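Here the structure is a predicted model, which means the values were calculated and not measured. Within every chain, numbering begins at 1; the chains are lettered A, B, ... in the order of the sequence lines, protein sequences first and strands thereafter.
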2 protein chains.
Amino acid sequence: MVTKQLKDSGQARDEADVTRADSLAREIFSDIANKWALLIIEAVGDRTLRFTELRDVVEGISHKMLTQNLRLLERNGLIDRTVHPTVPPRVEYTLTEPGRALRATVDGMCDWTHRYLADIETARQRFDSP
Amino acid sequence: MVTKQLKDSGQARDEADVTRADSLAREIFSDIANKWALLIIEAVGDRTLRFTELRDVVEGISHKMLTQNLRLLERNGLIDRTVHPTVPPRVEYTLTEPGRALRATVDGMCDWTHRYLADIETARQRFDSP
DNA sequence: CAGAATCCGCTTGGATACTG
DNA sequence: CAGTATCCAAGCGGATTCTG
């Protein structure tokens with residue numbers, strides 16, 4: 001769980017050891033649960049892409065955001081970054097095993113989006129109509 | 001798919017009709033793929049929670065962010081908001097069917113986080129050590 | 001209690017220019 | 001080509017105050 005339970009809410013019982021893992025989990029979740037990171041993971045998929053290819057595939061992402069999020073994903077071990085010492089340089093990105101595992105759930109989110117596209121659109125119209 | 005395919009990248013073939021649905025999908029994805037929205041969905045789960053309860057369960061969320069994201073989720077039809085005309089007012093939040101469906105995949109993300117917690121921590125240490 | 005609204009710091013993220 | 005650095009605008013998000 002990433003969220004707190006309601007029961008024993010008033011009780012402050014020895015949280016010392018749990019807290020570390022929990023705050024780490026929250027930190028990771030915050031890193032991951034962001035638009036660009038998830039889109040990049042989806043974009044890579046089971047392919048091997050270069051920087052510019054990624055830039056083209058993930059529509060609308062800026063140069064800066066791409067590098068920034070790639071570093072983030074690399075740091076968390078979701079993405080592999082291999083540099084070919086050629087000139088001009090050639091850098092390729094691949095999902096690691098954890099990355100692929102996460103990708104599976106992201107796929108679920110994408111499926112969900114398309115599955116409920118119509119429902120969401122009507123919900124919006126209802127909400128927006130004064 | 002939310003991301004673009006690489007094949008036929010040079011080709012600009014009649015995208016008029018696809019584009020609408022795609023941009024909508026992207027818009028929805030952006031709404032959903034954000035830290036607070038996902039945490040709120042996880043927090044509600046299959047329960048019925050009041051505003052302040054939610055505020056307590058989703059640790060670290062501010063009053064403003066909570067209302068803001070609740071509106072967003074409500075607008076997209078992921079959450080039901082029922083107002084009991086009492087005094088003081090009592091407002092309860094529940095997941096709708098689309099909301100519950102999405103929750104399933106968010107659960108997957110949470111599981112993933114805990115499953116790979118250790119791997120991520122070591123990946124970070126390796127990355128951070130100069 | 002739920003939430004709308006205002007103020008405001010400061011992070012986010014885009015555009016641009018510069019290295020190897 | 002890939003990446004870093006800088007500048008700067010826009011919006012995110014927190015704290016606070018005010019209603020019904």
B/Arg26 side chain to A/Glu59 backbone, donor-acceptor under 3.5 Å: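 Yes; judged by distance alone, with no hydrogens or angles, the pair exists.
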
Exam field: side chain A/Trp112 to backbone B/Pro98, donor-acceptor pair closer than 3.5 Å: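 Checked: pair present.
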
Distance test, side-chain N/O of A/Arg81 to OP1/OP2 of D/dG3, below 4.0 Å: yes

Under-4.0 Å side-chain N/O to phosphate OP1/OP2 contact, A/Arg55 with D/dC1: no

Value in whole Å for how far the [atom2] atom of [N] lies from [atom1] of [X]:
X	N	atom1	atom2	answer
A/Leu49	D/dA2	CG	P	11 Å
A/Arg71	D/dA5	CZ	P	11 Å
B/Leu70	C/dC1	CG	P	16 Å
B/Glu92	C/dG3	CD	C1'	16 Å
A/Leu66	C/dT12	CG	C1'	16 Å
B/Asn34	D/dG11	CG	P	16 Å
A/Glu53	D/dG3	CD	C1'	17 Å

Heavy atoms, side chains only, cut-off 4.5 Å: are [X] and [Y] in contact?
X	Y	answer
A/Leu78	A/Ile32	yes
A/Thr113	B/Phe29	yes
A/Leu54	A/Leu66	yes

Derivation of the side-chain hydrogen bond (donor to acceptor under 3.5 Å, both in side chains) call for A/Tyr93 and A/Glu74: CA-CA 9 Å; A/Tyr93 295 93; A/Glu74 191 193 353; over 6 Å; no

DNA chain C: 5'-proximal contact among B/Arg90 and A/Pro89 (nearest heavy atom): B/Arg90

Which atoms of nucleotides 13-17 of chain C (N or O only) lie under 3.5 Å from a protein N or O atom, and what are those distances?
unit_1: C/dG13; atom_1: N7; unit_2: A/Lys64; atom_2: NZ; d: 2.8
unit_1: C/dG14; atom_1: OP2; unit_2: A/Ser62; atom_2: OG; d: 2.4
unit_1: C/dG14; atom_1: O6; unit_2: A/Lys64; atom_2: NZ; d: 2.4

Shared hydrophobic cluster, A/Leu24 / B/Met109 (ILVMFWY, side-chain heavy atoms < 4.5 Å):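 Yes; tracing contacts between hydrophobic side chains, which count when under 4.5 Å, links both residues.
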
same_hphob_cluster(A/Leu117, B/Leu72) at 4.5 Å side-chain heavy-atom cutoff: no

Candidate nucleotides D/dA2, D/dT4, C/dG3, ranked by approach to the side chain of A/Tyr93 - the nearest: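 Closest nucleotide among those given: D/dA2.
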
Among C/dC1, C/dA2, D/dC1, the nucleotide that comes nearest once only the side chain of A/Arg50 is considered: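 Among the listed nucleotides, the one closest to the side chain of A/Arg50 is D/dC1.
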
List, with names and distances, any nitrogen or oxygen atoms from the protein found under 3.5 Å away from nitrogen or oxygen atoms belonging to nucleotides 9-11 of chain C.
none

Pair A/Asp46 + A/Arg100, salt bridge at N-O below 4.0 Å: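 Looking at A/Asp46 and A/Arg100, the cut-off is not met.
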
